[in-house]
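These notes are about the structure you will find just below.
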Protein chains: 2
Amino acid sequence: MSSQLAEETRERVLRAAGEVFAERGFRDGTVRDICGKAGVNVASVNYYFRNKEALYFEALSFAFAEAEERYPFDCPEGEGVTPAERLRHFIRNFLMRLLDDTHLGWHGKLITREILSPTAALVPIVDSIMRPRFDAVRRIVIQLVPHRLDDDSLERCVLSIFGQCLVYRHARSVIDQMRPQIVAGPEDREATAEHVFRFVLAALTHLPPTPGI
Amino acid sequence: MSSQLAEETRERVLRAAGEVFAERGFRDGTVRDICGKAGVNVASVNYYFRNKEALYFEALSFAFAEAEERYPFDCPEGEGVTPAERLRHFIRNFLMRLLDDTHLGWHGKLITREILSPTAALVPIVDSIMRPRFDAVRRIVIQLVPHRLDDDSLERCVLSIFGQCLVYRHARSVIDQMRPQIVAGPEDREATAEHVFRFVLAALTHLPPTPGI
DNA sequence: GATGCTATTAAACATTCGTTTGAAGCGCAA
DNA sequence: TTGCGCTTCAAACGAATGTTTAATAGCATC
C-alpha cells in the first residue's frame, strides 16, 4: 500500500523532472540533477517509475495536465458572445500562457521541446489537448470570414493564428536579442495580445475569396 | 601546409556534423556518429576542430552560410516592384526554405534547435542574418499599412508575418499528425505560401489605426 | 514488541561518450 | 632513397550517466 508520503515524493520527482527536462532537454537533464532538485535518492527514479524514459513520459503528461488546470481553456461559447470577442479571449489566454516564464514557464518549454523532437508521447497529447483547441478556433474563423472557405484554407487560417502566438515562444531568444521591449512587461504583453487580435481580425474579415470556389 | 584532401575531409566532417546535430541535437549527436557518417576517425574532430563544442559552432555557421548561398535572400527592391509583390516574394521564398526537408532540410532543423536552446553562437547569426531580413520586412510593412504605426506595433506586425511562416516548421510534427495534406506536395506548399501572403496583405491593408497615436 | 511490507539510501556496475595518445601512413622535397 | 611534416588510425583513458543491488530505516498491523 502506498502511503501519503510516498505519493508526495513521487510528485516531487515528477515536478523536478518537468523543470529539469524543460530547461535542459531529455538527454541533458540527468537523473542525478532531477533527484538532487527533488531531494531524493537517485534510485527513486527506478523505484517509482521504470526508468528515465518512463519518467519523461509521465512528466510530460503531468505538465500538460497541470497547465490545463491552471490555464483552463475557457473559450466562451455562449449565445451573447460575438465571434470577435471569442477570438480576442482565446488569443489573449493562449499568448499569456506562452509568454509566462515565472511560475509555470517550464510547462511551455517542455512542450515546445517535445514538439520539436517528438516522441511517442506527443500523439495522445495532440489528440486530446491540441485538437479541441484547433477545432474551437476553426469554428470562430468560419463565423468571422464573410464568405465560404475551402477546408484547406480554413486550416491555414487557423495555423496563421496559432503561428502568430507561438512565435513569441519559439523565437523568444531572437526576440529578446532584437526587440526585447515588446514582451518585457505585463502591459507590453497585453499590447502584444491586442495586436495579434487586431491583425487576425483585420485579415479574417477582409480575406479575399479563393478564386474558383 | 594543409592539402586539398585535408580541406575536403574537414568539410565532410562539418557537413556530417550539421546533419547529425540537426537530427539529434548537440548532446545526442555523438562524435562517433558524426565521424562514422563522414567516414573518418574520431580523432579527426580534435585534429581539425578543437573539440565537439567548437565543431558545433563551426557547423552552425557553415549551415547558415550554405543556406544563404542556396536560398539567397533576393527581395526585389527595385522601383517597378510593388510592396505587395515584394511581400509575396519574401513569404514564398522564406516558406519554401522552411518547408524543404529534402536536400537542405537539416539547415532549418539545426537553426530551429539553436533558437530553442540558444548558445553564444546565436548572437552573431541574429545580427548578421536575421536582422537584415527583419528590417526588409519592416520596410514592406510600412509601405502597405495605410496609416502610421508606432514602433512597437510595427515590430509586432513583422513578428506576425514571421510567425505565420515559422509555424510550419516549428509545429511541423503537430501539423503532420493533424492536417498533413496542407504541406504534403509542392502544390500544397505553393498554396500555403499564397494563403499566408493573402492573409498578411488583408491584415496590413485593413489594420485599424492604434487609438491615441 | 515482533513481523512484514514499503520506502530510502549508499555504493557499485556497466555503458557511453569526449578526448587523448602514440604510432603508422602518406606525399613531397632534397 | 631518406627525412620531414601533415594526416589518419586504433586503442585506451577518464569522466559522466542510467541502472541495479543489497542493506537499512520507517511504519502500520497483529
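A, B, ... follow the sequence lines: proteins, then strands. Residue 1 opens every chain.
The OH atom of Tyr47(B) sits 17 Å away from the P atom of dA10(D) (whole-angstrom rounding). Between the C1' atom of dT20(D) and the CZ atom of Arg50(A) lies a distance of 15 Å, rounded to the nearest Å. Atom-to-atom, CZ of Phe49(A) to P of dT20(D) comes out at 15 Å; the value is rounded to the nearest Å. We find that CZ of Arg12(A) is positioned 11 Å from C1' of dT8(C), with the value rounded to whole Å. Between Asp33(A) atom CG and dT19(D) atom P the separation is 15 Å, expressed in whole Å.
Contact annotation: Thr9(B) side-chain N/O to dT8(D) OP1/OP2 distance is under 4.0 Å. Listed pair Tyr48(A) / dT8(C) meets the phosphate criterion, a side-chain N or O lying under 4.0 Å from OP1 or OP2.
Residue-level contact check: Arg27(A) touches the backbone only, with heavy atoms under 4.0 Å from sugar-phosphate atoms and none from bases. Among the protein residues, Val40(B) comes within range of the sugar-phosphate backbone only, with heavy atoms under 4.0 Å from sugar or phosphate atoms but none that close to a base. Gly29(B) comes within 4.0 angstrom of the backbone, heavy atoms only, and of no base.
Listed nucleotides: dT19(C), dT8(C), dA12(C). Nearest to the side chain of Arg32(A): dA12(C). Taking only side-chain atoms of Asn41(A), from C-beta outward, the nucleotide of dT9(C), dT21(C), dA11(C) with the closest atom is dT9(C). Nearest nucleotide to the side chain of Lys52(B), out of dT8(C), dG18(C), dT8(D): dG18(C).
Comparing Asp28(A) and Ala43(A) by the nucleotide of DNA chain D whose heavy atom lies nearest to each, the residue mapping closer to the 5' end is Asp28(A). Residue order along DNA chain C, read from the 5' end via each residue's closest nucleotide, puts Val42(A) first among Val42(A) and Asn46(B).
Arg50(A) and Glu58(A) are not joined by a salt bridge, as no carboxylate oxygen comes within less than 4.0 angstrom of a charged side-chain nitrogen. Between Arg172(B) and Asp176(B) there is a salt bridge, since a side-chain N of the basic residue sits under 4.0 Å from a carboxylate O of the acidic one.
The minimum heavy-atom distance linking Gln177(A) with Arg131(B) is given by the pair O-NH2, 4.0 Å.
For Phe134(B) and Phe162(B), the ring centers sit closer than 6.0 Å to each other.
Residue Lys37(B) is tested with Arg15(B), Arg12(B), Glu19(B) for a side-chain contact (heavy atoms from CB on, under 4.5 Å); the sole match is Glu19(B).
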